[in-house]
Amino acid sequence: EKGGFSSFMEKEIHDQPDAVAQTLLGRSDINGKLTLDELRIDPALLKQVNKIIVLACGTAAYAGMVAKYAIENWCRIPTEVELAHEFRYRDPILDANTLVVSISQSGETMDTLMAVRYAREQGAKTISICNTNGSTIPRESDAVLYTHAGPEIAVASTKAFLAQITAAYLLGLYLAQLRGNIFSGQIKDVLADLNKIPAKIQKILDNAGPLRELARSMANEKSVLFLGRHVGYPVALEGALKLKEIAYIHAEGFAAGELKHGPIALIDDGQPVFVVVPSPRGRDSLHAKVVSNIQEVRARGARTLVIAEEGDEAVKAYAEYVFYVPETPTLLMPLLTTVPLQIFAAELAQAKGYDVDQPRNLAKSVTVE
Ligand code: F6R
């Protein structure tokens, strides 16, 4: 049932083109109109939403961070992301115009469930993005948007993460459509770009040989850092979490802009640093800023391992290693840039001889608070 792969995790990494495609399937017509009828929530209520709070834990919370960038950009609705277990304890401000979006692969994570219950008690509307049909969180929410990643067996989440991001994009586009925030032509364009993602993920999977070799050569590392900015920031956090979870290597993700505010002190000779670089085609100066971060850590002896967009020649001068992902609009980049980091962690953990499907001390769904 591992489909010829060495582990469920490897299989699930390779299932990702399909996980994204299935999550997109049947949710829009050829004119680019989204039809999330299954949401079963009154569109009139959704139109009144003036604040969104995304609640989740772990990897699902990183999907929520990606969602924030997309939803705020497309819908102009202020969006917060909070770890579900922190949420209730800060006396959050919610009312009937607050939309709470929970994200959970299992639909059984107790921390997330308790946060959703609390939000409902406070009168907020609740939508669950979930991968498990009929599980508790969707049952206890006003509405559900299922991810169609298929069952995820490996403890460390991979394909569910990409499917969660995809579903969150659909929700953001749907809200924008309802509220008339962006032109239907723009929605159609984003959907067209989303529909090209599965083939691009496949290309990444097919070109991962040298990345796997790099991972195997790093089996004795004690610490790996990950830097990212904008939507690359949650990708950096996810890259670090994967490595901690399955390879038991100390790993930390940082917002690249934070480097000079402290973490750069960690850099010394030979410290491996992954850098997730924004597209050079972006309108702002983020690309140049992140390239200069690569330069800064390299000057202090770091091994610079770079994830960049095809055609980005500027990173080469300071990178020990570059993995190129296909071009895609900035907001959608996490669906691509995450994949090499998953492959890196899985390959490295397998090189160390660990059971990547069942990492120590972890359970697939955390049903206690
Ligand atoms: C990371 C991982 C966990 C889960 C988290 C939430 O690889 O698997 O961080 O993402 O426990 O689980 P769900 O999505 O089931 O609520």
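Remember, it's 1-based here, ligands and their atoms both numbered in the order they're listed.
Checking side-chain atoms of Gln164 against main-chain N and O of Ala63 turns up no donor-acceptor pair under 3.5 Å. Side chain of Lys51 to backbone of Ile93: a donor-acceptor contact under 3.5 angstrom is found.
When non-hydrogen atoms are compared, ligand 1 lies under 4.0 Å from the backbone of Val155 (N, CA, C, O) but not from its side chain.
Note on ring orientation: taking the six-membered ring where Trp is involved, the planes of Tyr118 and Phe87 are perpendicular (angle over 60°, cut-offs 30° and 60°). Taking the six-membered ring where tryptophan is involved, the planes of Phe226 and Phe274 are essentially parallel, since the angle between them stays under 30° and well short of 60°.
Less than 4.0 angstrom separates some heavy atom of Gly58 from each of these atoms of ligand 1: 9 (O). Close approach of ligand 1 to Ala156 (heavy-atom distance below 4.0 Å) involves ligand atoms 7 (O). Close approach of ligand 1 to Ala60 (heavy-atom distance below 4.0 Å) involves ligand atoms 10 (O), 14 (O).
Close N/O approach between Ser104 and ligand 1 is found [any backbone or side-chain N/O within under 3.5 Å]. Taking only nitrogen or oxygen atoms, main chain and side chain alike, Gly107 does not reach within less than 3.5 Å of ligand 1. An N or O contact shorter than 3.5 Å links Ser106 to ligand 1 by distance.
By the neighbour-count criterion of 12 heavy atoms within 6.0 Å, atom CG of Asn220 is sparsely surrounded, having that number or fewer from other residues, nucleotides or ligands.
Closest to atom 12 (O) of ligand 1, if we only count protein heavy atoms, is Thr109 OG1, 3.5 Å. Among protein heavy atoms, atom 11 (O) of ligand 1 sits closest to Val366 CG2, 4.3 Å. If you check which protein heavy atom lies closest to atom 3 (C) of ligand 1, you get Thr59 N, 4.1 Å. Of the protein's non-hydrogen atoms, Cys57 O, 3.5 Å is the one closest to atom 5 (C) of ligand 1.
Remark: Glu12 does not engage Lys364 in a salt bridge, criterion side-chain N to carboxylate O under 4.0 Å. Electrostatic pairing of Lys260 and Glu296 does not count as a salt bridge here, judged by no charged N lying under 4.0 Å from a carboxylate O.
Using modelled atom types and a 3.5 Å distance limit, the side chains of Thr158 and Gln16 yield no donor-acceptor pair.
In this structure, Leu362 has no heavy atom closer than 4.0 Å to ligand 1.
The closest heavy-atom contact to atom 2 (C) of ligand 1, among the options Gln105, Glu245, Lys242, comes from Glu245.
Between Arg27 and Leu145 the shortest side-chain heavy-atom distance falls below 4.5 Å.
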